[in-house]
There are 2 protein chains.
Amino acid sequence: MGNADYEQLLRGASLRVTRPRVAVLGAVTEHAHADTETILGAVRERLPDVSHQAVYDSLAALSAAGIVRRIQPSGSVARYETRVGDNHHHVVCRSCGRISDVDCAVGHAPCLTASDDNGFVVDEAEIIYWGTCPQCQAAQLEN
Amino acid sequence: MGNADYEQLLRGASLRVTRPRVAVLGAVTEHAHADTETILGAVRERLPDVSHQAVYDSLAALSAAGIVRRIQPSGSVARYETRVGDNHHHVVCRSCGRISDVDCAVGHAPCLTASDDNGFVVDEAEIIYWGTCPQCQAAQLEN
DNA sequence: GCCCGTTTCTTGACTCATTCAAGATTTCGC
DNA sequence: GCGAAATCTTGAATGAGTCAAGAAACGGGC
């Protein structure tokens, strides 16, 4: 994706096209599951003088528009990704925090139907699988 | 549940029985989904002089032992509950943050099997349903 | 292409949940 | 009861994220 594509995305969501936003969108696309600090670093490779606030604001605007998704497993800082709306989920490593994508096993939005929703109107089901990543499994065997 | 039961639980998990831990366990049992501050307040009704650190330590010990579960939806502080090991999940209200329990629709641990786990060894599937609670639905209709 | 109202960005201070550290106290097997 | 190890108290520190005020940039309309 080039900057032109990012601009398209922004305009399509009725968002103003600003340099920080384009750079943030690029950074999130290139660094899936990156935390805010990583994104800030990546953005500053293109725009050395962006403020961290601009990055926070951009991420919030992009999330609200549904262009990026914010994920935050327990014990982790906020992370972002651009794969949205395809009903995929995440596996998180308990020991190193690594995150991987997992496509939904059962077709489309299977878990969206709770047995008893207590009167809540549910619009999204978020699934996080907890476990151990291959690297940490290997590391544990060595000890 | 009385204190004797809590002590049993602690001993059963090979944890030392201390007054802060018993009080914390009681507070979490009585206030499902409470955040740390609420728990601290509840604990201090019994033990006025506990330090916040003791509460943090107790919660960490109880979580590690599997007696309480820590949940932390995006944008929320850490919350705790004592219903563990029964494969139930949560609905979180996007506007007020209220949390309700949801029993798993499909029997036991259905979503535990990811289609492609990327080599991760998965031991738990955590599901969070996002939506709007009855109260907030009513409030929105009024506006 | 330029103007102007609105949105967004910069700067810098601030909040607050959580963690860290050192020393005092408590627990529990013996 | 005794002593080693775990736990608690006290108090300071960390750090992701937020708030606020003014400056700059965006883009619709001329």
Side-chain angles (χ1 to χ4, degrees), chain A residues 3-4 6-25 27-28 33-44 46-65 67-68 70-80 97, chain B residues 3-4 6-25 27-28 33-44 46-65 67-68 70-80 97:
Chain A
N3 279 4
Y6 299 140
E7 292 182 18
Q8 283 289 323
L9 262 173
L10 290 168
R11 287 188 209 285
S14 306
L15 291 178
R16 286 195 175 179
V17 177
T18 67
R19 305 221 266 155
R21 285 180 179 176
V22 173
V24 166
L25 197 40
V28 175
H33 311 141
D35 57 29
T36 314
E37 196 188 334
T38 303
I39 292 167
L40 180 57
V43 167
R44 284 193 170 147
R46 308 179 182 202
L47 296 172
D49 296 324
V50 259
S51 61
H52 72 141
Q53 189 61 242
V55 172
Y56 274 99
D57 285 351
S58 299
L59 287 170
L62 293 169
S63 301
I67 295 176
V68 307
R70 176 192 169 122
I71 54 181
Q72 186 176 21
S74 293
S76 169
V77 296
R79 290 163 180 281
Y80 297 86
Chain B
N3 280 2
Y6 299 141
E7 291 182 20
Q8 283 288 324
L9 262 174
L10 291 168
R11 288 189 208 284
S14 307
L15 291 178
R16 289 193 174 179
V17 177
T18 68
R19 306 223 267 154
R21 283 179 182 176
V22 173
V24 166
L25 196 41
V28 176
H33 311 142
D35 58 28
T36 314
E37 197 187 333
T38 302
I39 292 167
L40 181 56
V43 167
R44 284 193 171 148
R46 309 179 183 202
L47 296 172
D49 296 325
V50 259
S51 61
H52 71 143
Q53 189 60 246
V55 172
Y56 274 98
D57 284 352
S58 298
L59 287 170
L62 294 170
S63 300
I67 295 176
V68 308
R70 175 191 170 124
I71 53 181
Q72 185 176 24
S74 294
S76 169
V77 296
R79 291 163 179 279
Y80 296 87

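Letters go in sequence order (proteins before strands), and every chain restarts at 1.
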A/A23 and A/L47 have their tightest heavy-atom pair at CB-CD1, 3.9 Å
With the side chain counted from C-beta on, respond yes when B/Y80 and B/T36 share a heavy-atom pair under 4.5 Å apart, and no when they do not.
yes
Atom of A/R46, atom of A/A27 and distance for their closest heavy-atom approach
NH2-N, 4.3 Å
Measure across B/S74 and A/I71 and return the closest heavy-atom pair with its distance rounded to 0.1 Å.
OG-C, 4.4 Å
Counting the atoms with a prime plus P, OP1 and OP2 as sugar-phosphate, which does A/D35 contact under 4.0 Å by heavy atoms, base, sugar-phosphate, or nothing?
nothing
Scan nucleotides 17-23 of chain C against the protein and return all N/O pairs shorter than 3.5 Å with their distances rounded to 0.1 Å.
{"unit_1": "C/dT18", "atom_1": "OP1", "unit_2": "B/A78", "atom_2": "N", "d": "3.1"}
{"unit_1": "C/dT18", "atom_1": "OP2", "unit_2": "B/T36", "atom_2": "OG1", "d": "3.1"}
{"unit_1": "C/dT18", "atom_1": "OP2", "unit_2": "B/Y56", "atom_2": "OH", "d": "3.0"}
{"unit_1": "C/dC20", "atom_1": "N4", "unit_2": "B/Q53", "atom_2": "NE2", "d": "2.2"}

Measure the spacing between CG of A/L62 and CG of A/L10 and express it to the nearest 0.5 Å.
6.0 Å
Check: protein-nucleotides 27-30 of chain C nitrogen or oxygen pairs below 3.5 Å:
{"unit_1": "C/dT27", "atom_1": "O2", "unit_2": "B/R16", "atom_2": "NH1", "d": "3.0"}
{"unit_1": "C/dT27", "atom_1": "O2", "unit_2": "B/R16", "atom_2": "NH2", "d": "3.4"}
{"unit_1": "C/dC28", "atom_1": "OP1", "unit_2": "B/V17", "atom_2": "N", "d": "2.8"}

Check A/H52 against A/R44 and note the closest heavy-atom contact, atom names and distance.
N-NH2, 3.8 Å
Just so I know, are the side chains of A/V28 and A/L59 near enough to count as touching, which here means a heavy-atom distance under 4.5 Å?
yes
Indicate yes or no: at least one non-hydrogen side-chain atom of A/I39 is less than 4.5 angstrom from one of A/V55.
yes
What bend angle does the helix from C/dG1-D/dC30 to C/dC30-D/dG1 show across its length, from five-pair end axes and to the nearest 10 degrees?
50°
Do B/L15 and B/I67 have side chains that get closer than 4.5 Å, going by heavy atoms?
yes
Range on DNA chain D touched by chain B - first to last nucleotide, heavy-atom distance under 4.0 Å
D/dA5 to D/dG11
For A/R11, the salt bridge (charged side-chain N to carboxylate O under 4.0 Å, His left out) test, sequence neighbours excluded, returns A/E7
Would you say B/S76's side chain and B/Q72's backbone share a donor-acceptor pair under 3.5 angstrom?
no
May I ask you to check whether over 12 heavy atoms, not counting those of B/Q53, lie within 6.0 Å of atom CD?
yes
Can you tell me the distance, in whole Å, between the CG atom of A/L59 and the P atom of C/dC9?
11 Å
Summary of salt bridge (Lys or Arg N to Asp or Glu O under 4.0 Å) pairs that have at least one residue in residues 12-22 of chain A, sequence neighbours excluded:
none
